[in-house]
Amino acid sequence: MLKKEFKRKDVNRARNLIMGKTGASTGTQIGYNTKQTDHKEGDVWTEGRKTWTIKNGIKQTMSKLDTLKKEVFMPLSCPCCNKIMKKRLDKPNYKIHKKCHDCVVEFEHKLKIRGEYDDYIKKLKLKNSFAVVDEMESYLLDVINNTSNSGFVSEDGVVESWKGGANKTKLENKVKEEFDLERKKLQKEDKWLKGN
Ligand SMILES: [Zn+2]
């Protein structure tokens, strides 16, 4: 089953990568401000005019989480066969294929008969990788925009703030650079697949 979701370790890895690299070039360091340790994973509180929470160790506004929830909205019946989608496997399949589990199974069975299944799986995985890269990029850019003044909250609830003020533009450029590299790698794979 393919999943279009970030794992906590992916987000942390990307975050460390970005923060570590910017720190090295400018002498800007990531400090720990022990005065702001009152929020932990899952907490919800109001600050300014926004409602905040900590998800995957990163402080973010609730509105962002609401948008993420809306993205996985699923109709009651399958657009392909019109049957009600109520099975456990319908939801993850709908997210990827926009049809119910039975329809996906049937579709994949036809591909297997035609000998097109392996190619289809490779393409699907690649499509998924592109989506993950895009989503993670926009997620991190959003994190930079939302939290650069107050800092990140690490997994144990400690606020990490950027000493000397955060350089948003620099961090944003770094994120874009890193993710462009990832996309280029995937594009190479894509070309190779199409050539075969
Ligand atoms: Zn269906």
Side-chain angles (χ1 to χ4, degrees), residues 1-15 17 41-44 50-147 155 175-176 178-196:
M1 189 66 54
L2 294 166
K3 263 193 176 177
K4 207 176 88 177
E5 281 167 14
F6 320 120
K7 291 183 185 86
R8 166 183 283 211
K9 76 170 165 50
D10 294 330
V11 173
N12 283 340
R13 193 174 56 91
R15 195 188 62 177
L17 187 85
E41 181 81 21
D43 280 0
V44 176
K50 284 175 176 173
T51 307
W52 297 83
T53 188
I54 297 170
K55 198 164 184 277
N56 298 327
I58 291 167
K59 182 182 164 183
Q60 52 193 285
T61 57
M62 286 298 277
S63 58
K64 173 70 184 170
L65 290 179
D66 291 345
T67 349
L68 286 174
K69 268 180 210 157
K70 272 175 204 149
E71 256 174 49
V72 296
F73 168 80
M74 189 173 96
L76 217 57
S77 56
C78 168
C80 184
C81 66
N82 286 322
K83 276 181 213 151
I84 303 283
M85 293 190 283
K86 57 183 179 190
K87 283 184 217 151
R88 194 175 55 85
L89 287 170
D90 285 341
K91 195 176 178 180
N93 274 291
Y94 181 79
K95 265 176 89 174
I96 299 159
H97 306 279
K98 302 283 176 272
K99 46 185 143 185
C100 75
H101 177 62
D102 289 344
C103 283
V104 172
V105 169
E106 201 189 311
F107 175 68
E108 291 183 349
H109 179 68
K110 278 179 193 160
L111 286 175
K112 274 178 194 163
I113 290 167
R114 281 189 260 151
E116 293 167 9
Y117 184 72
D118 288 349
D119 211 35
Y120 156 82
I121 287 295
K122 277 181 202 155
K123 276 177 191 157
L124 203 59
K125 276 186 182 163
L126 203 60
K127 206 177 142 195
N128 189 58
S129 303
F130 272 115
V132 168
V133 166
D134 286 349
E135 258 188 55
M136 209 196 280
E137 183 187 51
S138 66
Y139 181 81
L140 283 167
L141 289 175
D142 199 69
V143 167
I144 290 169
N145 265 310
N146 273 314
T147 65
E155 275 172 76
V175 169
K176 284 174 194 164
E178 291 292 338
F179 283 92
D180 276 346
L181 274 176
E182 286 299 315
R183 268 188 289 264
K184 270 181 194 146
K185 274 187 219 162
L186 292 174
Q187 273 156 9
K188 262 187 201 167
E189 246 180 272
D190 194 30
K191 265 186 200 162
W192 183 86
L193 258 181
K194 276 172 188 159
N196 272 268

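As the structure lists them, so they are numbered: ligands from 1, and atoms in each ligand from 1.
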Inset, instruction - Go around the Zn ion (ligand 1) and count every protein N, O or S atom nearer than 2.8 Å. - result: 4
Legend entry - Heavy-atom side-chain proximity of Lys127 to Ile96 below 4.5 angstrom: no
Please output the side-chain donor-acceptor pairs of residues 73-88 that fall under 3.5 Å, not counting sequence neighbours, one pair per line with the distance.
{"residue": "Lys87", "atom": "NZ", "partner": "Asp102", "partner atom": "OD1", "Å": "3.3"}
{"residue": "Lys87", "atom": "NZ", "partner": "Asp102", "partner atom": "OD2", "Å": "2.8"}

Legend entry - Separation of Phe107 CZ from His97 NE2 (nearest 0.5 Å): 8.5 Å
Legend entry - Exam field: side chain Asn93 to backbone Cys100, donor-acceptor pair closer than 3.5 Å: no
Legend entry - Test log, rule salt bridge (Lys or Arg N to Asp or Glu O under 4.0 Å), inputs Glu189 and Lys185: CA-CA 7 Å; Glu189 246 180 272; Lys185 274 187 219 162; over 6 Å; no
Legend entry - Spacing of CE belonging to Met136 relative to OH belonging to Tyr139, to within rounding of 0.5 Å: 10.0 Å
